[in-house]
Amino acid sequence: MTDADWISSMLTAAKPQAVAALLRNFRDLDLAEEAFQEACLRALKAWPKNGPPRDAAAWLIMVGRNAAIDTVRRQARLQPLPPEELISDLADAETAVADQIDEADYRDDILRLLFICCHPGLPATQQIALALRIVSGLSVKQIARAFLVSEAAMEQRITRAKGRVAAAQIPFETPGAVERSERIAAVAAMIYLVFNEGYTTRVAEQGARAALCEEAIRLSRLLLRLFPTEPEIMGLAALLMLQHARAPARFDGRGHVVLLDDQDRTLWHGRLIAEGLALIDKAVRHGSPGPYQVQAAIAALHARAARAEDTDWLEIDLLYGTLERLQPSPVVSLNRAVAVAKVRGPADALAIIEPLANKLDGFFYFHGARGAFLLQLGRAEEARVEFDRAIALANTPAEAAHIREQLDRLAVSAHSGGAPSAAEKTA
Amino acid sequence: MQYAILCYHDEKVTSAWSKEHDDAVMAKLGAIRERLERQGKLGPVARLLPTTAATTLRKDREPPLVIDGPFAETKEQLLGFYIVDCTGLDEAINVAKELGQANPGGAYEIRPVGVFFPGKAAR
């Protein structure tokens, strides 16, 4: 392992804690971030020589704090102190800071830092960009690449988001129990957004976007370490892991979507699946189901099936039914219809989605699924119309290509007389 | 004499490793593991899932208390471990409870195993 490798993973690991503590100190996001950056630069110089500090976060907080005080002094046109003098007996100071670090304080510091990124005034894309900028180990360049925008545009987006957050004045007092649980829920939703941003690949840039999924998983583990008894956080982490575990099988060599039914399950990431299953197992024991847990339980049923035909669709249908009650949405009903098609056949599935036509008319998956059900019922002409709509609405070339394949098969079967089987929409 | 080598590291750091980095570390360890295995020196090896997947059974009270999260006390020391093959967490907790009845006091941390090599060294 090179110096750069271990230092970079230590810096990434310490970042949320360090920036959160610096934010508490300076109550200014920009200053906290600059202080952290400065501390990182000094770490890159000092650590290869002196070896890693006992507590990397404490070291970075200490050095960052001094650097920022320096900046503030300079801005106030005061005589700056030489940094050597400021950090001369760092070893002692580091111990002192490390001793002062109370996990409970840290918990609320980091939660606040994450919560700041979820300000309701921020559009989702700004929330995600800000969260990644502030707590992830990704550079602006990497974030920009994942969003398919230029580095300058991403810088601008982050600056705008910071401006709005600064104006919002999020209080620094330790939150009460109700406020804390509201913050946790908002942060969980933000982490899920980060994940989805990575999961919904708009291009073949799978590598850059997978980084977003991995960051989201890291954030969910961080949140879970802070709040180890929250079943919904276990559910969130499990959901992200179980979904991301399928990533290596989601696209074929040409970049086309491979549907869940057709995926090579031996490519699935076994260790992530094991961790996701362990977490959902833990969450279920609490007997307090929530939307993330139910979705994770559905993902777990897919993960447990060694072959597509072993999938417990009956249980998945029931779980989607629970999800419909917990979090009613036409998209959830659409997903349940896919399970119903497997358990009770396409006619029942079609009956479920017919009433959704108004709400989901602009939704790619709706027309894809409707087309597939119609096709299974032998109503090829109607199916063709639905597939055409789906192609027009496709979000990615991969989605359009998948529907086109269905249409091609339809054309073939029109000659041969047989109907191709419809596959589940999720990949 | 058999020795257990217990692996400690900061989870925040290891979970910040990229997949490539993780794979590289595992490949290097794998080479050593294979050599030890050829020499007949290697017993079971396990890589545990993160502590966020852990559950702790406090068996210093009756009934024992099941809590989420890893064993966090520092006044007690690691004395040994079992590896059990169970259908899920409920069964693992039941096994731990049974062991706890035979030996009350202290705690068991129940941590799922991510990677397991049985090893061949036996006596």
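In what follows, chains are A, B, ... by sequence order, proteins preceding strands, each numbered from 1. Computed over heavy atoms, backbone and side chain alike; hydrogens, waters and symmetry mates excluded.
Atom CZ of F116(B) is surrounded by more than 12 heavy atoms from other residues, nucleotides or ligands within 6.0 Å. Residue Q39(B) qualifies as enclosed at atom CD: its count of foreign heavy atoms under 6.0 Å is above 12. Within 6.0 Å of the CG atom in D85(B), the count of heavy atoms belonging to other residues, nucleotides or ligands does not exceed 12.
Residue I67(B) does not touch chain A at all, counting heavy-atom pairs closer than 4.5 Å. Looking at L224(A), both its backbone and its side chain come within 4.5 Å of chain B, counting heavy atoms on both sides. In this structure, chain B has a heavy atom under 4.5 Å from the side chain of R285(A), while its backbone stays farther away. Residue contact with chain B, scored on non-hydrogen atoms closer than 4.5 Å, involves the backbone and the side chain of E275(A) alike.
Your options are T14(B), V113(B), D90(B), and the one with the most heavy-atom pairs under 4.5 Å with chain A is D90(B). Of the listed residues (I93(B), V115(B), V13(B), D10(B)), the greatest number of heavy-atom pairs within a distance under 4.5 Å of chain A belongs to V13(B). Comparing L272(A), I233(A), T229(A), T12(A) by how many heavy-atom pairs each has under 4.5 Å with chain B, the most go to T229(A). Per-residue counts of heavy-atom pairs under 4.5 Å with chain B were compared for A278(A), S8(A), A13(A), A14(A); the largest is that of A13(A).
The backbone N or O of A54(B) lies less than 3.5 Å from a partner atom in the side chain of K282(A), making a donor-acceptor pair. Put simply, the side chain of D281(A) gets close to the backbone of L89(B): a donor and an acceptor are under 3.5 Å apart.
Atoms CD and NZ, on E214(A) and K19(B) in that order, are 8.5 Å from each other to the nearest 0.5 Å.
Here the shortest heavy-atom pairing between R221(A) and T52(B) reads O-CG2, 3.8 Å.
By the 4.5 Å heavy-atom criterion applied to side chains, K12(B) and M10(A) are not counted as neighbours.
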